[in-house]
Structure formats: structure tokens, C-alpha cells
> 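Below you'll find the structure I mean.
This is a predicted model, so every value here is computed, not measured.
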Amino acid sequence: MDPDRLACYLAGGRPEGAVRGFPGCRDRRPPVRTVPLLLPGRLYFALESRVWTGGMGFYDPLDPGEMPACAYLLTAGQFCDVAAQEMHRPPGADLDLGEVLATGRARFGPGRYETLVCPGGLDGYPVLTFTAPWRSAEAALNAPSAAYLGRLAAGLAAVHGWDAARIAAYLDSRPGARPDGSDG
């Protein structure tokens with residue numbers, strides 16, 4: 001969601017607060033367009049991030065509710081390179097997007113962020129994202145680090161214009177957000 005974090009995926013670099021950086025995309029140009037949107041489903045935190053420590057944010061499109069997101073108009077190659085970096089693979093190979101575009105879901109491996117989801121379209125373009133193959137109810141919930149929450153908060157403020165109180169209430173209410181494993 002955070003434009004500064006996306007810039008590190010596109011051009012290469014290390015997001016503020018991250019323990020490692022990203023190599024960037026073959027095509028390092030910024031997005032053609034950026035649009036805030038709400039996706040059906042919910043954000044939850046689980047597992048342990050190798051980049052941020054603490055829980056990672058995942059999207060469950062089948063959960064009730066809406067999840068604030070940001071649509072970045074990228075080329076197919078840029079999307080594939082960003083997805084590869086999240087899959088801990090080197091960028092540079094195009095993924096076959098046919099299945100996700102036809103069925104709304106495609107699995108490229110068993111791990112985190114190796115499942116692509118198409119929850120709809122926007123202005124004639126498919127909206128694509130990546131998440132885990134499991135449902136939120138099946139996940140090992142884990143609270144995220146302060147640095148990771150800071151990047152999410154920066155994105156919500158920059159893209160949706162939310163104030164600090166609204167951001168804090170939203171993030172605190174997500175499954176796995178609290179250190180004791182509960183949600184608000």
C-alpha cells in the first residue's frame with residue numbers, strides 16, 4: 001500500500017525499517033496511475049516476516065468486510081517482478097497470469113505470497129494481488145513489528161487520507177494484530 005515501499009520493489013532499495021532490501025524490477029518506471037480502493041475481504045497478520053520481523057500482512061478475500069488497498073497501474077512484467085520479490089525469487093521471469101485472470105486465483109507454490117488473487121477489475125484492468133494459499137482462520141496469527149505497522153500506516157495515510165486515530169483503530173482490529181494473538 002505504501003508508495004515508498006512500492007518504489008523499492010520497482011527501482012530497488014530497502015524500505016525504511018526493513019532488515020533487507022529488494023533488487024527491483026526490469027522496468028523501474030513508477031506506476032502510470034495510483035488509485036485507492038476497497039477490496040472485499042480482510043487483512044490479517046500471521047507467520048514471521050524475514051524482512052520486517054513480526055507478523056506479515058495477508059489478504060483473505062473470502063473473509064467478511066472490506067480491506068483498504070491501493071491499485072497501482074503497472075505493466076504485467078512489473079507485477080511479475082514485484083510478485084517474484086515477495087516470493088523470494090529473483091525478478092526477471094514472467095508468471096503465467098492466465099489462470100488468475102480466468103478463475104480469480106492461481107497458486108505458484110505452497111508458501112506465503114505465492115497465491116495470486118484477482119478480486120475484480122478497475123477501469124478495464126484486472127486488480128491483482130498476492131497472498132497466502134490458506135484462509136485467515138487456518139493461519140498461525142502473529143503480531144506485526146512496529147516498523148511494518150508504520151509502513152502500513154504510511155500507506156493508509158498517503159493513499160486513503162486516513163488520520164492517525166482511524167489508522168490505529170483499523171490496524172488494531174485486524175486478526176493477529178495484538179501481541180497476545182487476539183484481534184480487537
Side-chain angles (χ1 to χ4, degrees), residues 1-6 8-9 14-22 36-72 79-89 95 99-100 103-120 127-160 162 166-184:
M1 169 109 66
D2 177 21
D4 291 337
R5 183 174 177 198
L6 179 70
C8 292
Y9 286 114
R14 190 175 89 193
E16 183 180 334
V19 297
R20 75 170 181 88
F22 298 93
L37 74 156
L38 295 172
L39 299 177
R42 182 168 60 166
L43 168 70
Y44 68 95
F45 299 103
L47 303 178
E48 181 77 17
S49 172
R50 294 181 229 167
V51 175
W52 302 98
T53 71
M56 303 161 53
F58 293 100
Y59 169 53
D60 188 334
L62 300 177
D63 274 358
E66 290 183 318
M67 184 181 85
C70 183
Y72 294 103
F79 176 79
C80 291
D81 285 352
V82 170
Q85 291 173 79
E86 276 295 333
M87 294 176 188
H88 296 285
R89 300 175 186 175
L95 299 171
E99 183 180 353
V100 69
T103 68
R105 190 173 189 90
R107 197 164 165 183
F108 288 87
R112 34 181 156 194
Y113 301 134
E114 291 187 325
T115 298
L116 301 185
V117 177
C118 180
V127 173
L128 296 174
T129 191
F130 31 83
T131 190
W134 51 80
R135 297 288 317 278
S136 65
E138 303 164 340
L141 299 180
N142 187 25
S145 69
Y148 188 58
L149 286 173
R151 297 288 20 112
L152 293 173
L156 288 166
V159 174
H160 287 272
W162 289 8
R166 184 173 182 189
I167 292 168
Y170 170 74
L171 292 174
D172 187 56
S173 71
R174 303 300 86 194
R178 295 184 179 181
D180 65 4
S182 69
D183 50 308

> Give a yes or no on whether the backbone of Gly155 and the side-chain of His160 come within a donor-acceptor separation of less than 3.5 Å.
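Judged by distance alone, no pair lies under 3.5 Å.
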> At their closest point, which heavy atom of Met1 faces which heavy atom of Val159, and how far apart are they?
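So the two residues come closest at O-CG2, 3.5 Å.
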> Asp4 vs Arg151, test: side-chain contact (heavy atoms from CB on, under 4.5 Å). Steps then yes/no.
CA-CA 9 Å; Asp4 291 337; Arg151 297 288 20 112; 4.3 Å; yes
> How close do Pro61 and Val117 get, counting heavy atoms only, and between which atoms?
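Result for this residue pair: CG-CG1, 4.1 Å.
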> Would you find a donor on one side and an acceptor on the other, under 3.5 Å apart, between the side chain of Gln85 and the backbone of Tyr9?
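Yes, because the side chain of Gln85 sits within donor-acceptor range (under 3.5 Å) of the backbone of Tyr9.
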> Which pair of non-hydrogen atoms, one from Pro15 and one from Cys8, has the smallest distance, and what is that distance?
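What the structure gives for the nearest pair is N-SG, 3.6 Å.
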> What distance separates Phe130 CZ from Leu95 CG, expressed to the nearest 0.5 Å?
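Here the interatomic distance stands at 10.0 Å.
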> Going by distance alone, is a donor N or O of one side chain under 3.5 Å from an acceptor N or O of the other, for Arg166 and Tyr170?
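No, no side-chain donor-acceptor contact under 3.5 Å.
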> Between Leu152 and Phe45, does a side-chain contact (heavy atoms from CB on, under 4.5 Å) hold up when you go through it step by step?
CA-CA 12 Å; Leu152 293 173; Phe45 299 103; 3.6 Å; yes
> First locate atom OG1 of Thr129, then atom OH of Tyr72, and finally report the distance between them rounded to the nearest 0.5 Å.
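Here the interatomic distance stands at 11.5 Å.
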> Start with the C-alpha distance between Glu86 and Met56, add both sets of side-chain angles, then the distance that settles side-chain contact (heavy atoms from CB on, under 4.5 Å), and finish with yes or no.
CA-CA 11 Å; Glu86 276 295 333; Met56 303 161 53; 5.6 Å; no
> Nearest heavy-atom pair of Arg112 and Glu48: which atoms, and what distance?
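Nearest heavy atoms, Arg112 then Glu48: NH1-O, 2.5 Å.
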> What's the separation between atom CH2 in Trp52 and atom CZ in Arg5, rounded to the nearest 0.5 Å?
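Trp52 CH2 to Arg5 CZ: 5.5 Å, rounded to 0.5 Å.
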> Answer yes or no: is there an ion pair linking Arg135 with Asp60, defined by an N-O contact shorter than 4.0 Å?
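A salt bridge is present here (some side-chain N lies under 4.0 Å from a carboxylate O).
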> Between atom OG of Ser49 and atom CG of Asn142, what is the distance when rounded to the nearest 0.5 Å?
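The CG atom of Asn142 is 10.0 Å from OG of Ser49, to the nearest 0.5 Å.
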> How close do Gly57 and Tyr148 get, counting heavy atoms only, and between which atoms?
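Closest heavy-atom pair between Gly57 and Tyr148: N-OH, 2.9 Å.
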> Between Pro133 and Gly111, which heavy-atom pair has the shortest distance, and what is it?
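Where Pro133 meets Gly111 most closely, the heavy atoms are CD-O, 3.5 Å.
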> Please confirm whether the ring centroid of Tyr113 lies under 6.0 Å from the ring centroid of Phe58.
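Judged by ring-centre distance (under 6.0 Å), Tyr113 and Phe58 do meet the cut-off.
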> Please report the interatomic distance CG(Leu149) to CZ(Arg174), rounded to the nearest 0.5 Å.
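Those atoms lie 12.5 Å apart.
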> Measuring from Cys80:SG to Leu116:CG, what's the distance to the nearest 0.5 Å?
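If we round to the nearest 0.5 Å, Cys80:SG and Leu116:CG are 8.0 Å apart.
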> Heavy-atom distance under 4.5 Å between the side chains of Leu171 and Leu43, does that happen here?
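They are in side-chain contact.
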